[in-house]
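A note on names: the letters A, B, ... follow the listed sequences, proteins ahead of strands, and every chain is numbered from 1. Predicted model only: the values in this text are computed from it and were never measured.
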Amino acid sequence: MTNSEIAVVFEQVADLLEFKNANPFRIRAYRNGARAIRDLGEPVTAILADDTRKLTDIKGIGKDLAEKCAILVDTGELPMLNELQSEIPEGALAMMRIPGLGPKRAAILFNELEVTSLGELKLACERGSIRALKGFGEKTEASILKGIAIAASADKRIYWQQADQIAAQLLQHLGDCPSIEKMEMAGSYRRRRETVGDLDVLVVSEDVAEVMDRFGEFPKLTDVLARGDTKMSIRLRSGLQIDLRVVPAKSFGAALQYFTGSKDHNVELRGRAKQRNLKINEYGVFCINTDEDEYIAGATEEEVYAALNLPVIPPELREARQEFAAADANDLPPLIEMEDIRGDLHMHTNATDGKHTLAEMCEAAHARGLEYIAITDHSKRVTIANGLEADRLLAQWEELDALRKSLPDGFHAIKGIECDILESGELDLPDDVLAQADWVIVSVHFGQHQTSEQITSRICGALANPHTHILAHPTGRLINRRNPYAVDMDAVFAAAADHGKMLELNANPARLDLNDVHLAAAKSHGIPIVISTDAHAADQLDLMRFGVMQARRGGLTKADVANTRSWDEFQKLLQNG
DNA sequence: GCCGTTTTCGGCCCGACTGTTTTCAGTCG
């Protein structure tokens with residue numbers, strides 16, 4: 001059983017306990033446990049197999065959750081979860097995904113009206129039987145009816161890239177308000193999470209009404225969900241919710257910190273404040289006095305963190321993982337920046353499924369300030385992309401040799417290939433051909449549904465090939481569309497480290513493969529990461545920034561990423577590999 | 001259910017908004 005499978009079980013337990021109105025801190029303990037396991041960076045099974053180590057050494061895992069991990073690993077299931085699931089039908093849980101319906105009122109609907117699915121709930125609303133319940137009314141009934149459609153399509157988090165486009169439009173729209181002194185996006189968008197569930201925008205203005213009126217005129221809006229003195233929420237036609245907060249200037253940093261989250265990061269931060277007899281809220285940091293709390297910081301995030309003797313923790317790291325320990329040890333990583341990138345080592349041309357020619361890709365890369373690129377078209381197995389046979393590949397390299405003479409000084413294009421790892425585990429091109437390449441990417445496109453054993457041994461075998469430099473899109477996942485292969489990533493990290501191979505961080509916003517947790521794990525193994533666009537057209541070379549953001553979330557520095565090297569250093573890296 | 005530089009028991013972040021109430025519970029982030 002993998003870490004993420006264990007984490008899912010703990011999340012399910014938490015959801016069900018929440019529905020049962022259990023002790024909220026017990027529920028939180030399960031959620032924290034799930035997060036701790038998911039973010040662990042090494043398999044729970046490995047710790048269990050090692051007599052010298054204990055699961056209870058993991059923060060958030062106590063005696064009970066450690067036992068439950070062991071049961072899950074041994075038997076593949078958890079009796080406690082089975083029991084809870086027999087009490088509470090899946091459809092009842094679905095009610096909690098309706099905005100405005102939490103565990104308390106969902107339980108009332110389940111117990112009083114015996115509603116066990118969203119369909120039955122819809123009927124109950126239409127019959128008007130909800131409004132008769134104590135604590136419910138006509139408005140609640142109407143809002144539930146409206147929310148059922150939202151719940152049915154819940155969990156639709158959008159790509160960061162899509163959120164970025166909406167954020168830009170929103171900032172421009174609000175920018176017309178003369179009273180706005182400061183404005184910034186917060187939330188998971190600011191933390192650069194790979195997907196975003198909603199947007200948060202923070203504003204300093206003396207004229208709250210003006211800002212809220214303008215916010216209510218956002219062209220994509222369909223509903224105003226709430227409007228108070230400082231907070232307003234809207235929903236867009238796409239279903240995306242946007243929250244606006246208007247705060248005084250002296251609270252801007254505190255509010256920015258607060259609304260950037262993550263929630264778990266803030267819980268940790270507030271706990272620390274409490275130990276110092278301080279209190280943090282979105283208005284500032286306060287010293288708790290008997291008569292009146294005294295404001296001591298809040299205009300900037302620097303002030304807020306400094307009040308707790310902490311440096312500003314980059315938003316990308318605010319996930320309650322290692323960032324506080326690193327900050328305490330004065331060891332926060334200097335995260336990689338877009339300006340650090342010097343090369344792009346995965347791209348396609350019109351020889352296979354790319355749009356542009358070799359020359360056009362070189363020109364576009366040079367225009368973007370890159371110093372070196374690798375041309376890496378598909379190998380023959382990818383017939384749908386017109387993958388290259390050995391002779392066509394050799395011909396492409398000849399063409400590249402000729403083109404090199406006309407390339408600008410200081411710009412280098414190397415001979416690469418994205419060679420398929422066949423279902424059998426063989427590579428798609430013979431070793432004598434791969435031996436002539438400057439840069440060999442291996443990757444999986446077929447047989448993605450093989451068993452964990454099959455696909456893991458297949459990928460690790462490809463990493464063992466002496467001609468291989470790097471594994472591309474290592475898990476194969478497409479965000480919101482396709483699950484990762486059943487590959488055992490811990491085995492992949494071990495193989496890459498053993499054979500001195502690199503791993504790709506594919507920068508495509510739909511892939512972002514490796515994810516942040518995998519990147520941190522790869523870093524801990526000392527495996528060089530290469531951030532690549534996998535561009536299939538010249539303008540897709542611009543996707544690099546999404547990969548850099550993901551790398552930052554993984555805690556990577558310039559030194560952890562191979563394509564930040566100068567051309568000379570990169571060549572040395574290749575020779576040593 | 002977890003955790004420990006006041007603690008092995010008694011805490012566990014904190015405030016805004018809505019709807020249904022007549023002073024507050026539930027939900028959300």
Please confirm whether the shortest side-chain N or O distance from [X] to OP1 or OP2 of [N] is below 4.0 Å.
X: A:Asn281; N: B:dG15; value: yes
X: A:Lys274; N: B:dC12; value: yes
X: A:Lys104; N: B:dG26; value: yes
X: A:Arg26; N: B:dG1; value: yes
X: A:Lys279; N: B:dG15; value: yes
X: A:Thr140; N: B:dT20; value: yes
X: A:Tyr258; N: B:dA16; value: no
X: A:Arg131; N: B:dT20; value: no
X: A:Lys68; N: B:dG1; value: yes
X: A:Ser233; N: B:dT18; value: no

Distance (rounded to the nearest 0.5 Å) between A:Ile47 CD1 and A:Asp57 CG: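 Result: 8.5 Å between the selected atoms.
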From the list [options], which nucleotide is the closest neighbour of the side chain of [X]?
X: A:Arg105; options: B:dT20, B:dT27, B:dG29; result: B:dT27
X: A:Arg270; options: B:dA16, B:dC13, B:dT18; result: B:dC13
X: A:Ala226; options: B:dC2, B:dC12, B:dC17; result: B:dC17

Looking across every strand, which nucleic acid part, if any, lies under 4.0 Å from [X] by heavy atom: base, sugar-phosphate, or nothing?
X: A:Asp229; value: sugar-phosphate
X: A:Ile58; value: sugar-phosphate
X: A:Leu269; value: nothing
X: A:Arg28; value: base
X: A:Ile98; value: sugar-phosphate

Proximity of A:Phe110 and A:Phe19 rings by center, below 6.0 Å: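 A:Phe110 vs A:Phe19: aromatic centres under 6.0 Å.
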Whether over 12 other heavy atoms sit under 6.0 Å from A:Glu206 CD: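 At most 12 heavy atoms, drawn from other residues, nucleotides or ligands, come within 6.0 Å of this atom.
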Side chain A:Asn266 and base B:dG29 donor-acceptor under 3.5 Å: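 Check fails, no donor-acceptor contact within cut-off.
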Which residue lies more 5' along DNA chain B, comparing A:Gly137 with A:Leu65 via nearest heavy atoms: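 By nearest-heavy-atom nucleotide position, the 5'-most residue is A:Leu65.
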Most 5' of A:Lys63 and A:Met212 on DNA chain B, judged by nearest nucleotide: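 Its nearest nucleotide being more 5', the pick is A:Lys63.
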Full working for side-chain hydrogen bond (donor to acceptor under 3.5 Å, both in side chains) between A:Asn266 and A:Gln257: CA-CA 8 Å; A:Asn266 287 356; A:Gln257 194 290 316; 3.0 Å; yes
G-U wobble or Watson-Crick pairing nucleotide for B:dT8 (cut-off 3.5 Å, both distances):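 Here B:dT8 is not engaged in any pair, so there is no nucleotide opposite it.
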A:Tyr189 six-ring face occupied by A:Arg192 cation (under 6.0 Å, within 45°):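 Yes.
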Length of the line joining A:Asn277:CG and B:dC13:P, which is rounded to integer Å: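 Going from CG in A:Asn277 over to P in B:dC13 covers 16 Å.
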Separation of B:dC2 P from A:Lys59 NZ (nearest whole Å):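 Taking NZ of A:Lys59 and P of B:dC2, I get 13 Å after rounding.
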For A:Val247, the option from A:Val204, A:Val203, A:Val208, A:Leu256 that meets side-chain contact (heavy atoms from CB on, under 4.5 Å):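 By the side-chain contact (heavy atoms from CB on, under 4.5 Å) criterion, A:Val247 pairs with just one of A:Val204, A:Val203, A:Val208, A:Leu256: A:Val204.
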Glycosidic conformation of B:dT20, taking syn as within 90° of 0 and anti otherwise: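 Anti conformation for B:dT20.
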